[in-house]
Amino acid sequence: MTRRLTTAQALVRYLAAQWSERDGVRRRAVPAVCGIFGHGNVCALSAALAESAGELRFVQPKHEQAMVHTALGYAKAKRRLATLACTASIGPGATNLVTGAATATTNRLPVLLLPGDTFATRRQGAVLQQLQHPASHDWTVNDCLRPVSRFFDRIARPEQLLDALPEAMRVLLSPEECGAVTVALHQDVQGEAYDFPEHFFAPRTWAVERRPPSAEAVADAAELIRGAQRPLVIAGGGVRYSEAEAALAAVSGACALPVAETSAGKGCGGGSLVVGGIGVNGTGAANELAAHADVVICMGTRLTDFTTGSRSLFADPGVRFVGINVSAADARALGAVPVVADARAALEALGRALDGWRAPEEHAARVTDARRRWDDAVAADLAPRPGERMSQGQAVRLLNRMAGGGDWVVAAAGSPPGDLLKLWEPPPGTSAHIEFGFSCMGHELPAGIGIRLADPDAGEIFVIIGDGTFLLSPTELVTAVQEQAKVTVIVFVNHGYQSIHTLQLGTVGVSFGNEFRARDGGDGAPAGPVVEVDYAGMARALGCRAWRAETADELEAAVSEARSAAGPAVIECHVEPRRGVLGGGAWWDLGVAQEADDPRTRELADKHAAGAAAQRYFG
Ligand SMILES: Cc1ncc(C[n+]2csc(CCOP(=O)(O)OP(=O)(O)O)c2C)c(N)n1
Ligand SMILES: [Mg+2]
């Protein structure tokens, strides 16, 4: 039996029939399509989507990059068991997907990208929005998506879908391989009809398996851990994706293992021995334990420089690592004993293999002591200072106190992700999404919308961004209004890119081009008075409720009112511009200037470079 359909119809019907299943629970794998139409996708594809409107929701974002971020927020909330498709037109619509795709693949979050493409027939000559590569006629701008995609295909004949789409689904739902999946669609081919086999459109359930660890790997890891005097667990995003939080809390409790978290793993640590974020944005407590650890159990983490202090954090000469990861490459990082497995399956097996063993009692005392000293230092650091307005750290702590069961907190770039990793103590039942793999300004708001689409019953979704990030892309507020997606955006106004400014002052010793200032004569960077922007007014103009808060009391009142508001809300929150939060003591490698006219720059560069002495190679 066959059914005559266009390529676009077949694509849409196929997507509507895909399901994923893990632990006996089934859900639609791609329940909605986000899209901005142009001539490269409006003809056959919009017609097919309109026909299937009862089965696939259509979300209308305002920027192609943003729709990818929405899909990633959705995928994070769904623990990678479902995502959204994103369709863009040919040319600029398609290239606008690239940054989103890179965010997806870096963070190992699935998204299906469907950019329009040139004509397969080429009868038309150069078409609108085609970049003609002089030496390679089969290249189009969509080839920019290849290096940022885990799977890429270009559909030049309708029947190619029969192979391309199942492989696209396999990769999207593979814990090990997932990332951006791109299926580029020649614009003429989208409308071409073909007799597709009927069973291609039958409901298909993809089993997302929990890869079990090998008995040998578990035995090797357990042997190493049993010999540990000062162990530490690092919990990454893999713990969330695997839904392994309870298993981690159980093993941590039974074996007295302290747990530190990466940005992607924020909120995944359970039990009484959680020591907060680790690394460059981490807590002093976690970093101190890392410095002295003899066995580090890395779980679902890519171990980026922010986690390892550019490989300077682990100072014990004999430190050894266990790597639990679905990706074999990640599992063996830092010369670890690799356990290539789903985090929950590995934790359950390790729990059995470690039965009866506990880390030495003095280690728990060390953990408590490190945490108490860090807490005291942070409390002192966060105290109000004479002549200063509310600090961002104080505001984050206030929000933290107001957050409760079902709430989410979202951040990606600027100082918010670091402040959250360090200061946010997730109240029970809350979730965090800190995208710090690509740390993409502009991820936050659309990701918050994606989380709301995935979890309509979630409590408040607090999207924490800086003023620079708000200015980069505030327009998804309109999409949030359209979808009645309740998110509360907190915009920290500090007049510029202050996280980068702080970095600049610390490594270069000069202030250049990072604050929002008016030009006051001369060339170089604008260095006159700070420019004032009405962020709350912008938000109101885009259809949101909005407040301006300059004090803790005003912020508290605004958050309470935002909670009871029906649609999206924005709080413009003014904070002390150049005041950061106490550092956790980790070093971060940077490409500092080896030569400069200014002696301060050279001095700072030398000082910074001295930290490299602590960098180690672990194999
Ligand atoms: C798309 C993108 N461009 C540039 C950067 C580099 N960058 C990281 S933080 C930052 C400044 C962000 O400013 P703001 O949102 O105001 O936060 P703040 O640093 O003031 O806390 C920049 C430009 C980035 N991460 N993403
Ligand atoms: Mg700022």
Side-chain angles (χ1 to χ4, degrees), residues 63-69 72 95-107 148 263 280-281 304-306 389-396 399 409-424 434-448 462-476 489-508 511-517 525-526 530-536 538-539 549-550 570-583 588 590-591:
H63 190 296
E64 289 85 358
Q65 183 191 135
M67 66 184 164
V68 186
H69 295 309
L72 302 185
T95 51
N96 272 351
L97 295 172
V98 174
T99 301
T103 309
T105 299
T106 305
N107 285 283
V148 290
S263 298
V280 182
N281 283 340
T304 68
D305 59 351
F306 258 73
R389 59 166 74 238
M390 168 173 51
S391 77
Q392 190 169 307
Q394 291 161 3
V396 165
L399 277 169
V409 65
V410 182
S415 48
D419 287 4
L420 287 178
L421 189 67
K422 216 178 282 172
L423 299 180
W424 190 267
I434 303 179
E435 187 283 290
F436 210 66
F438 209 53
S439 186
C440 186
M441 288 166 73
H443 173 81
E444 304 88 337
L445 167 57
F462 292 112
V463 173
I464 317 281
I465 57 175
D467 44 4
T469 298
F470 187 77
L471 288 175
L472 189 94
S473 64
T475 46
E476 288 314 301
V489 182
I490 318 283
V491 184
F492 284 132
V493 177
N494 57 16
H495 311 300
Y497 307 130
Q498 292 294 356
S499 56
I500 305 300
H501 192 214
T502 305
L503 196 61
Q504 182 181 51
L505 292 172
T507 57
V508 185
S511 173
F512 183 86
N514 273 310
E515 291 191 307
F516 299 153
R517 295 183 176 279
V530 154
V531 291
E532 297 294 340
V533 179
D534 179 5
Y535 297 97
M538 280 171 74
E550 303 213 13
V570 173
I571 301 171
E572 170 184 337
C573 179
H574 289 254
V575 294
E576 185 63 29
R578 296 190 183 183
R579 179 168 169 185
V581 175
L582 177 71
W588 182 34
L590 288 155

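Note that the structure is a prediction, hence the values are computed from the model and not measured. Counting starts at 1 for both ligands and their atoms, in listed order.
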Minimum side-chain heavy-atom gap E550-M390 below 4.5 Å
no
Which of the atoms of ligand 1 are close to N494, meaning less than 4.0 Å from one of its heavy atoms?
18 (P), 20 (O), 21 (O)
Any side-chain heavy atom of H443 within less than 4.5 Å of one from L72?
yes
So is S439 in contact with ligand 1, going by heavy-atom distances below 4.0 Å?
yes
Treating K422 as the side-chain partner and L582 as the backbone partner, does any N or O pair qualify as donor plus acceptor under 3.5 Å?
yes
Which of the numbered atoms in ligand 1 are below 4.0 angstrom from a heavy atom of G468?
14 (P), 15 (O), 16 (O)
Report yes or no: does E444 contribute a side-chain atom to a donor-acceptor pair with the main-chain N or O of G442 at less than 3.5 Å?
yes
Looking at side-chain heavy atoms only, is the closest gap between P446 and M67 below 4.5 Å?
no
With a 4.5 Å cut-off on side-chain heavy atoms, are I490 and I465 touching?
no
What's the shortest distance from atom 21 (O) of ligand 1 to any protein heavy atom, and which residue and atom give it?
S415 OG, 2.4 Å
Is there a heavy atom in I465 that sits closer than 4.0 Å to ligand 1?
no
Heavy atom to atom 20 (O) of ligand 1, shortest distance: which of G496, G466, G418 holds it?
G496
Any side-chain heavy atom of V533 sitting closer than 4.5 Å to one from L471?
yes
Test item: H495 and E515 side chains (from C-beta on) under 4.5 Å apart, heavy atoms
no
Just need the protein heavy atom nearest to atom 9 (S) of ligand 1, so name the residue and atom and give the distance.
G414 N, 3.3 Å
Could you work out, for atom 23 (C) of ligand 1, the closest of M441, Q392, H501, E444 by heavy-atom distance?
M441
Is any side-chain heavy atom of D467 closer than 4.5 Å to a side-chain heavy atom of F516?
yes
Side chains of T99 and C440: does their closest heavy-atom pair fall under 4.5 Å?
yes
Listed protein N/O/S atoms, distance to the Mg ion (ligand 2) under 2.8 Å:
D467 OD1, N494 OD1, G496 O
contact_flag P416 ligand 1 heavy-atom lt 4.0 Å:
yes
Okay, side chain of E64, backbone of L97: is any donor-acceptor separation there less than 3.5 Å?
no
Within reach of ligand 1, part of T469 (heavy-atom separation under 4.0 Å)
both
Can you tell me the protein heavy atom closest to atom 8 (C) of ligand 1 and the distance?
I500 CD1, 3.7 Å
